[in-house]
Amino acid sequence: MATRVQCPKCRSVEIEARGRGFNPGKAAEGAIVKDESGLPPLFYGTRDIDVYCLNCGHKWNPIVLEEERGRAKANTLSTSSHKWKSEFYKAYDSGNMESALALLEIYRSSMLKQKGLDGTYFHLKSEDGWRKIIIVSISILAVIIFFVVGSLLL
C-alpha cells in the first residue's frame with residue numbers, strides 16, 4: 001500500500017517539495033529498502049529539501065520531522081501525562097511545529113488525524129479551560145458547604 005505524504009499541520013495532500021542536493025543513489029536505495037518513516041523515495045537523498053503545503057503554507061523538512069519524532073518517542077518514558085501537554089503548548093506557541101507534531105503523534109494521534117495540528121491545539125486548550133472551571137466550581141461549592149454546615153452547628 002502506497003504511503004501518501006500529508007501536511008503535518010492540516011493533513012492536506014496538496015504539497016510540493018523543493019530543494020537542492022538530491023542524491024539519486026540514496027533515493028534508489030530508499031525505493032528498494034522499506035523505510036518505516038513512510039517517506040517516498042524522493043526524500044531519501046537529502047537534508048536540503050523542504051516540503052511546502054499548498055493548502056495552509058506550512059513548511060517542513062521531512063528528515064528533521066522524523067528526527068523530532070524519534071526524539072519525542074525516546075523521551076516518552078520520562079514524560080508524565082501532564083508534562084507532555086505543557087511541552088506541546090510550549091513547542092506550538094514558539095513555532096516549533098515538528099516537536100509539537102511529534103508529541104501529538106505519541107499522545108493524541110487519533111485526534112491529530114481528525115483535527116489537524118491547529119484543531120488539536122485549540123481542542124486541548126478548551127479542554128484544559130473546562131477542567132479549571134470545574135475545579136474552581138467544586139472548590140467554591142466545598143467552601144459554601146463548609147460555611148453552611150458550620151453555621152448550622154453553631
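FYI, the numbering just counts along the sequence from 1.
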Under a 4.5 Å cut-off applied to non-hydrogen side-chain atoms, are Asp118 and Lys9 in contact?
yes
Could you report the tightest heavy-atom contact between Ala91 and Ser94, atom names first, then the distance?
O-OG, 3.1 Å
Can you find a heavy atom in the side chain of Leu117 that is under 4.5 Å from one in the side chain of His58?
no
Tyr107 side-chain N/O to Lys85 backbone N/O, donor-acceptor pair under 3.5 Å:
no
Considering all heavy atoms, the nearest Ser99-Asn96 contact:
OG-ND2, 3.0 Å
For atom NZ of Lys90, is the number of surrounding heavy atoms from other residues, nucleotides or ligands below 6.0 Å larger than 12?
no
Is Val149 reachable from Leu141 through a run of hydrophobic residues whose side-chain heavy atoms are each under 4.5 Å from the next?
yes
Start with the C-alpha distance between Tyr121 and Asp93, add both sets of side-chain angles, then the distance that settles side-chain contact (heavy atoms from CB on, under 4.5 Å), and finish with yes or no.
CA-CA 10 Å; Tyr121 173 82; Asp93 292 337; 2.8 Å; yes
Using modelled atom types only, decide if a donor and an acceptor are shared between the side chain of Asn61 and the backbone of Ile49 within a distance under 3.5 Å.
yes
So Trp60 and Met97, side-chain contact (heavy atoms from CB on, under 4.5 Å) or not? Walk me through it.
CA-CA 8 Å; Trp60 73 98; Met97 299 306 170; over 6 Å; no
Do Leu54 and Ile15 belong together in a cluster built from hydrophobic side chains that touch within less than 4.5 Å?
no
side-chain contact (heavy atoms from CB on, under 4.5 Å) assessment of His123 paired with Thr120:
CA-CA 5 Å; His123 179 89; Thr120 302; 5.6 Å; no
Could you grab the distance from atom SG of Cys10 to atom NZ of Lys115, nearest 0.5 Å is fine?
15.5 Å
So if you build clusters from Ile, Leu, Val, Met, Phe, Trp, Tyr with side-chain heavy-atom gaps below 4.5 Å, do Val13 and Val51 land together?
no
Testing the basics here: between Arg108 and Trp84, what is the closest heavy-atom pair and its distance to 0.1 Å?
CG-CH2, 3.6 Å
Under 3.5 Å, side chain of Ser109 to main-chain N/O of Ile106, donor-acceptor pair present?
no
Considering all heavy atoms of both residues, which atom of Leu112 and which atom of Pro8 are nearest to each other, and what is their separation?
CD1-O, 4.4 Å
Is Ile138 reachable from Phe146 through a run of I, L, V, M, F, W or Y residues, each pair having side-chain heavy atoms under 4.5 Å apart?
no
Return the minimal non-hydrogen interatomic distance between Arg11 and Lys113, and the atom names on each side.
NE-CA, 4.1 Å
Among the clusters formed by ILVMFWY side chains lying less than 4.5 Å apart, do Tyr52 and Val64 turn up in the same one?
no
